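Reading through the C-alpha cells given below for one structure.
None of the values given here were measured: they were computed from a predicted structure. Here is how names work: the chains are called A, B, and so on, in the same order as the sequence lines, proteins then strands, and each is numbered from 1.
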Amino acid sequence: MHAKAASRLLHHYREHARALPWRAPPGSGRQEPYRVWLSEVMLQQTTVATVTPRFLRFIERWPTIETLAAAPDEQILAEWAGLGYYARARNLIACARAIVARGGFPSSEAELRKLPGLGAYTAAAIAAIAFGEDAVPVDTNVERVVARVFGLADRTEVRAAAGAWWPVGDAGDFAQACMDLGATVCRPKAPACPYCPLRADCRAAALGTPELFPAPKARKVRPHRFGLAWWARRDDEVWLTRRPATGLLGGMAALPGPEWSDERPAANPLAVHRHGFTHFTLDLLVVRVAEPIGDGWWQPLADLADAGLPTLYRRAIEAALHAERERRLAA
DNA sequence: GATACGTGGAA
DNA sequence: TTTCCAAGTAT
C-alpha cells in the first residue's frame with residue numbers, strides 16, 4: 001500500500017515537474033555535483049525564492065569548483081552577504097578546497113558527510129541527486145510528508161519510516177518529489193489535501209488533523225539585546241571593519257563597535273536600527289565618532305554594495321545616512 | 001538533546 | 001506588529 005503511494009507521488013512529480021528552476025527536469029538522471037552541492041548548501045534553512053538569484057550569480061562568477069576554490073575568502077563571503085548563516089559560506093570555502101585537493105567530489109554519502117558544512121541531509125541529497133545512490137535525505141519537507149502519511153506525531157520516528165518507505169533506484173527524484181509536495185501542497189499550515197496525490201494513503205488526512213503531524217515544536221521567547229556601532233565618516237567614505245572569523249556574522253564586513261549587551265547603553269545615537277535574529281532581537285545604536293576606531297578601512301559610500309555587508313549593517317548604515325540627511329535639512 | 005546561527009516573506 | 005518558518009549544521 002505504501003509502496004503504491006510512493007509510486008503515485010513519483011509519477012505525480014514527473015508529470016507536474018516543478019523542480020528547482022535551475023535543476024534538470026525529473027527523470028533526467030544524475031545532476032552535476034558542483035551545482036547540486038552549491039545549491040543544497042544555499043538552500044539550508046533558506047527559501048527557493050531567496051536562493052535562486054544568488055545561486056545563478058554564484059555559478060556565473062565561479063562556474064566550476066576549481067574556480068570557486070581558487071577565489072579569495074573575502075570575495076566569496078561578500079558574494080554570500082545577505083544570505084545569512086555565514087558559517088555556511090566559511091564551510092563552503094573549506095569544502096571547495098578540500099574537494100579540489102582530493103581530486104573531485106566523493107560519490108558516497110559516507111564520504112560526503114565528512115566534508116565541512118555537509119550534514120546528514122545535504123550529504124544524502126548530493127549522494128542521491130548527483131550520484132544516484134539510494135540515500136534518504138530527510139529535510140523538513142520530507143519529515144512533514146512522512147509524518148502525515150504515516151500518522152507520526154513524534155519526529156524521532158520519522159527517519160526510520162522514511163527509510164522504509166523510500167523507493168530503490170529513484171532516491172533523488174523521490175526526494176525532490178517529497179520536497180516539492182511539502183512546499184506546495186503538504187504545507188505546515190493549511191495543507192491543500194484535496195490536491196494531494198497521497199490523500200487516499202494519508203493517515204493524518206484521514207484523521208482530519210494534518211497540521212498536528214508532526215507535533216508542533218514548542219516556541220520560546222526571544223530576548224532583546226543592544227549594540228553600539230561607531231560611525232566614523234570622511235568625505236564620502238565610512239570606516240568599516242571585519243568581524244572575528246567565528247561566531248555571529250563571523251568573518252563579515254561590519255561597522256566597528258564593542259560587544260553587544262543585555263542593557264541599553266547610555267548614548268546619543270545618530271540612528272537606532274532594530275534587527276531580528278533567529279534567537280534574539282537587537283537594537284543597534286549608531287553613534288558618531290570623530291576618528292576611526294580599531295582596524296579597518298575607508299569604504300566609499302558609492303561602493304557600499306561591494307563591501308559585502310550582512311543585512312544588519314547594510315540597513316544600519318542606510319538608517320545612519322538617512323539620519324545625516326535629515327539633520328542637514330534641519331540645520 | 002539543546003543551543004547558536006540570518007534573513008525575508010507570509011499570515 | 002508579531003510569529004512562524006524555510007531543501008540544516010556544528011558543537
Side-chain angles (χ1 to χ4, degrees), chain A residues 13 18-23 31 35-55 77 80-92 94-95 112-130 135-145 154-156 159 162 171-184 186-191 211 214 216-225 243-244 246-252 254 260 274-282 284 309-315:
Chain A
Y13 172 67
R18 55 169 320 292
L20 303 173
W22 60 84
R23 206 160 273 179
Q31 316 231 353
R35 292 185 170 218
V36 175
W37 163 70
L38 179 58
S39 57
E40 289 299 340
V41 171
M42 281 190 172
L43 284 163
Q44 290 167 2
Q45 295 290 281
T46 310
T47 60
V48 173
T50 298
V51 165
T52 299
R54 309 298 300 264
F55 170 75
L77 291 173
W80 196 277
L83 263 179
Y85 284 142
Y86 298 98
R88 292 185 297 169
R90 303 194 296 270
N91 286 329
L92 188 82
C95 189
L112 287 161
R113 182 66 181 78
K114 296 176 184 171
L115 292 168
L118 305 192
Y121 164 75
T122 308
I126 297 170
I129 297 168
V136 182
V138 180
D139 77 323
T140 179
N141 292 293
V142 172
E143 179 184 62
R144 187 169 57 253
V145 169
D154 184 349
R155 294 168 193 269
T156 62
R159 192 167 296 271
D173 278 356
F174 193 72
Q176 293 179 88
C178 280
M179 292 190 269
D180 268 12
L181 188 76
T184 59
C186 195
R187 300 172 296 221
K189 295 177 179 174
E211 295 188 19
K217 293 173 183 167
R219 62 175 183 279
K220 54 189 106 173
V221 293
R222 268 197 331 184
H224 204 115
R225 306 189 66 193
R243 291 178 60 88
T246 58
L248 191 74
L249 308 177
M252 300 302 290
W260 302 340
R274 179 161 295 178
H275 189 80
F277 289 101
T278 308
H279 48 305
F280 65 94
T281 300
L282 178 75
L284 190 63
L309 289 161
T311 301
L312 165 68
Y313 290 108
R314 185 169 61 75
R315 296 257 167 85

Beyond-backbone contact of A/S39 with A/R23, side-chain heavy atoms, under 4.5 angstrom: yes

Electrostatic pair A/E211-A/K189, nearest N-O below 4.0 angstrom: no

Check against side chain to side chain donor-acceptor pair (under 3.5 Å), A/N91 and A/R88: CA-CA 5 Å; A/N91 286 329; A/R88 292 185 297 169; over 6 Å; no

Sugar-phosphate, base or nothing in reach of A/R90, heavy atoms under 4.0 Å: nothing

Nearest-angstrom distance, C1' atom, C/dG8 to B/dG1: 16 Å

Touch class at under 4.0 angstrom, heavy-atom based, for A/R54 against every strand present: nothing

A/R159 atom CZ, over 12 foreign heavy atoms within 6.0 Å: no

Residue met sooner reading DNA chain B from 5', once A/K220 and A/L249 are mapped to nucleotides: A/K220

Test: A/R222 cationic atom under 6.0 Å from A/F280 six-membered ring centre, within 45° of axis: no

Positional range of nucleotides in DNA chain B within the contact set of chain A, heavy-atom, under 4.0 Å: B/dT3 to B/dG8

Per-nucleotide protein contact string for nucleotides 5-11 of chain C, where B marks a base within reach and S marks sugar-phosphate only (heavy atoms under 4.0 Å, - for neither): SBBBSS-

Heavy atoms of other groups near A/R243 CZ, more than 12 under 6.0 Å: yes

Contact check, side chains of A/F277 and A/L282, non-hydrogen atoms, under 4.5 Å: yes

Intermediate values then yes/no, side-chain contact (heavy atoms from CB on, under 4.5 Å), A/L118 and A/W37: CA-CA 9 Å; A/L118 305 192; A/W37 163 70; 3.7 Å; yes

